[in-house]
Protein chains: 2
Amino acid sequence: MLKKLDPLLHSELRLAIMSLLISVEKAEFTYLKEQTEATAGNLSVQITKLEDAGYIFVKKGFKGKIPQTTCNITKKGIEAFEKYVEELKAYLKL
Amino acid sequence: MLKKLDPLLHSELRLAIMSLLISVEKAEFTYLKEQTEATAGNLSVQITKLEDAGYIFVKKGFKGKIPQTTCNITKKGIEAFEKYVEELKAYLKL
DNA sequence: TAAACTAGTTTATAATATAAACCAAATTTA
DNA sequence: TAAATTTGGTTTATATTATAAACTAGTTTA
């Protein structure tokens with residue numbers, strides 16, 4: 001079989017999150033929500049999955065009095081993303 | 001949001017089937033099974049989905065006395081596959 | 001002729017994605 | 001200032017999808 005694609009990344013929303021995070025230092029929950037147009041619930045669930053896998057780091061704090069969740073991609077996440085891209089290229093013969 | 005990926009193609013096995021079919025004139029069920037290492041059941045289901053979408057054409061015949069299913073990608077399938085690749089590139093910034 | 005094999009399909013179950021419902025605190029409005 | 005609304009999320013229930021197990025139909029082999 002072609003190399004197995006990382007199922008954690010082979011999901012539309014998680015892939016979108018990762019591709020956003022890979023090009024910035026960090027991003028807020030609200031920013032990710034705007035960019036992906038996902039519902040907050042869906043976004044929350046997928047962020048947790050990426051966090052559990054160690055692909056992103058999630059920091060919960062406050063902006064003034066309002067809660068603020070900030071995410072950034074980890075080294076492991078970058079590596080997984082790059083590997084996924086390579087595997088996908090093999091699939092698509094890019 | 002980033003352009004929505006065609007959910008019919010954003011599936012590991014269906015993507016593998018399509019990427020195999022795009023580079024050959026036609027392929028037998030057994031060949032696809034060998035190449036993808038999928039179970040026959042899973043392959044059968046996914047082939048039917050691609051057929052229902054009009055992405056592939058499925059012909060059932062016999063090789064001697066043994067049933068033989070042959071698949072080939074359709075024009076619509078080629079277009080969908082190429083569109084998917086472009087959308088994915090946008091995701092991954094390739 | 002019974003067992004094992006080929007080439008699949010159907011169906012039941014497991015996994016995944018998604019949205020709806022909910023919560024707490026802050027802010028706006030009547 | 002009390003009620004309604006908004007913000008920033010999480011939890012949970014449901015819909016969708018993927019997968020494997022069980023099955024069908026016929027063939028070959030011992």
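Here is how names work: the chains are called A, B, and so on, in the same order as the sequence lines, proteins then strands, and each is numbered from 1.
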* Nearest listed nucleotide, side chain of B:Q46, among D:dT19, C:dA19, C:dA17 ->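 When the side chain of B:Q46 is considered, D:dT19 is the closest of D:dT19, C:dA19, C:dA17.
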* Asked: When you measure from the side chain of B:R14, which nucleotide among D:dA18, C:dA19, C:dT16 comes out closest?
  ->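 Given the options D:dA18, C:dA19, C:dT16, the side chain of B:R14 is closest to D:dA18.
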Round to the nearest Å and state the distance from [X] atom [atom1] to [N] atom [atom2].
X	N	atom1	atom2	answer
A:I47	D:dT11	CD1	P	13 Å
A:E37	C:dT18	CD	P	14 Å
A:K4	C:dA15	NZ	P	13 Å
A:E34	D:dG9	CD	C1'	15 Å
B:K33	D:dA20	NZ	P	12 Å
A:E12	C:dT18	CD	P	7 Å
B:L5	C:dA17	CG	P	13 Å
A:L8	C:dA15	CG	P	15 Å

* Asked: Between A:E25 and A:N72, which heavy-atom pair has the shortest distance, and what is it?
  ->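 Heavy atoms only, the tightest pair is O-CB, 3.2 Å.
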* To do: Fit a plane to each ring of B:H10 and B:Y84, take the angle between them on a 0 to 90° scale, and name the class: parallel (under 30°), tilted (30 to 60°) or perpendicular (over 60°).
  =>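 Rings of B:H10 and B:Y84: tilted, 30 to 60°.
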* Would you check if the side chain of A:Q68 reaches a backbone N or O of A:E28 as a donor-acceptor pair within less than 3.5 Å? =>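 Flag not set: sc A:Q68 to bb A:E28 has no pair under 3.5 Å.
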* **Any donor-acceptor N/O pair, A:T74 side chain to A:G54 backbone, under 3.5 Å** =>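 Judged by distance alone, yes, a pair lies under 3.5 Å.
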* For C:dT16, take OP1 and OP2 only and decide whether either is under 4.0 Å from a side-chain N or O of A:K49. =>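 No.
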* A:S11 side chain near C:dA17 phosphate (N/O to OP1/OP2, under 4.0 Å) ->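 Checking A:S11 against C:dA17: at least one side-chain N or O falls below 4.0 Å of OP1 or OP2.
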* To do: Mark up nucleotides 7-12 of chain C, 5' to 3', with B wherever a protein heavy atom is under 4.0 angstrom from a base atom, S wherever such an atom reaches only the sugar-phosphate, and - elsewhere.
  => SBBBB-
* To do: Carefully, step by step, assess B:L92 and A:L88 under the rule side-chain contact (heavy atoms from CB on, under 4.5 Å).
  => CA-CA 10 Å; B:L92 304 179; A:L88 200 64; 3.7 Å; yes
* To do: Find which nucleotide of DNA chain C each of A:H10 and A:K65 is nearest to by heavy atoms, and output the residue with the more 5' nucleotide.
  =>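 Whichever sits nearer the 5' end wins; that is A:H10.
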* Asked: After noting the C-alpha distance and the side-chain angles of A:L21 and A:L50, does the key distance pass the side-chain contact (heavy atoms from CB on, under 4.5 Å) rule?
  -> CA-CA 12 Å; A:L21 289 181; A:L50 291 170; 5.9 Å; no
* When you look at A:E79 and A:K83, which way does the salt bridge (Lys or Arg N to Asp or Glu O under 4.0 Å) test go after all the steps? -> CA-CA 6 Å; A:E79 284 164 7; A:K83 187 158 175 285; over 6 Å; no
